[in-house]
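Here's the structure we're looking at; comments come further down.
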Amino acid sequence: MKLLARIFPHPHLTILLTVVWLLMVNKFSLNSLVFGLFLGIVIPFLTRPYWPDRPQLLSWPRVVEYVLVVLWDIVVANFIVARIVLFKPNAKRSPGWVCVPIELRAPEAITVLAGTITMTPGTLTADLSDEGHCLLIHCLDAPDPAAIRDEIKQRYERRLKEIFE
Amino acid sequence: MEQYFDILIAFFLVVAGLFGFVGSFGLIKLNDQMSRLHAPTKATTLGVGGVLIASILHSAVSEHHLSLHELLITLFLFLTAPITANFIAKVHVHRHQTPETLPPAGEDSTWATFMTEDKDDES
C-alpha cells in the first residue's frame, strides 16, 4: 500500500492526465494509452514537492452535483447577460461592487469559488481581501446586492464547503 | 436522417454565432470598463460551446468517427476565462479605483491589490 502511494501520489491526477492525453490524441490506441499512463505517472511524481498539503475531496457525488449545477448556471448566465446587453439601456442598469464574506479557507476552494462566480450570471470576481476573508465581486446589474451575496453563499459556497471541508 | 442532423448542427452554429455577436456587441454597448468585462467572459462561453457541440456532431454524423477534442477546449476555456477576467479586473482596480471607491473589505483591512509593502512588515 505504501509503495502504491509512492508510485501514485495522486491517483486522480494520474487518471485525469491519461484522459486528457487520450483526448488530445483524439484517437484511441494502445500506444497513446500507454504513453498517457506514462505521463500520468511521471508528472504527479515529479510535481509532488509542489503540493505539500493539498485538500482532500470529501465526496465525489457532490463534486458531480456541483459541476452540473455550475454548467446549468453558465447556460442561464449566457441568456441573462445577453438580455441585459441587448435590451437593457445603460441608464437603467445599476452596476456595482459587492463584498462577499467567505467562510472557505482552503486556497483551492476559494479559487474554485472565484472562478465559478466569474462564469455565472452577471457577477465577476475582481479581488480578494488582504487576509482572504472576503471576495470583491463586480455585478453587471445589481439592484439588490444583498440578494446576490446570499445567492452566492447559498448556492456555491455551501456546496464547496461540503466538498472541501 | 442525416438531414435532421444537418439541421441540428446548423442550429448550434447559429446559436453560437448569436452569442458570439452578443459578446462582441456588449464590448461596444456597455458604458463602463468593469461592465464591459462581463460580456466577453459569459456570452462567449455559450458561443464557443455551440461551435464545439456542432463540431462533435458533425464528425460523428458526417465523418463517422468520434472526435472528443472539443471537450478539452471547453475544459481549458473554463480554466482560463475566469483567470483572464480576474487579471483584467485587478488591473482596473489598480489603476482606476482607490480603497475609498470600493466597499470596505469586511473584517479585513483592505483589498489585496492595495496592499503595500509596509503593511506586510507590520503584520
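So that the names make sense, note that chain A is the first sequence line, chain B the second, and so on, each numbered from 1.
Ring planes of A/Phe79 and B/Phe19: perpendicular class, angle over 60° (limits at 30 and 60°).
B/Asp32 and A/Pro95 get closest at one heavy-atom pair: OD1-CG, 4.0 Å. Residues A/Leu140 and B/Ser35 come closest through the heavy atom pair CD1-CB, 3.7 Å.
Looking at heavy atoms from C-beta onward, B/His38 lies out of side-chain contact with A/Ile84 at the 4.5 angstrom threshold. For the pair B/Val93/A/Trp97, a side-chain contact is recorded, criterion being any heavy-atom separation below 4.5 Å from C-beta on. Contact check for B/Trp111 versus A/Leu128: no side-chain heavy atoms found under the 4.5 Å cut-off. Taking the side chain as every heavy atom from C-beta outward, B/Phe78 and A/Val70 never approach each other to under 4.5 Å. Put simply, the side chain of B/Asn86 does not reach to within 4.5 Å of the side chain of A/Thr118, judged on heavy atoms. B/His92 places none of its side-chain heavy atoms less than 4.5 Å from the side chain of A/His138.
Heavy atoms closer than 4.5 Å to chain B are found nowhere in A/Ile137, neither backbone nor side chain. Neither the backbone nor the side chain of A/Ile80 comes within less than 4.5 Å of any heavy atom in chain B. There is no contact between B/Ile83 and chain A, counting heavy-atom distances below 4.5 Å. In this structure, chain B has no heavy atom under 4.5 Å from any part of A/Thr116.
When each of A/Leu22, A/Val19, A/Leu23 is paired with B/Leu72, the side-chain contact (heavy atoms from CB on, under 4.5 Å) condition holds for A/Leu23 and for no other.
Ranked by heavy-atom pairs under 4.5 Å with chain B, the first of A/Leu124, A/Val75, A/Val98 is A/Leu124.
Of the possible donor and acceptor atoms, none in the side chain of A/Asp127 sits under 3.5 Å from a partner among the backbone N and O of B/Lys90.
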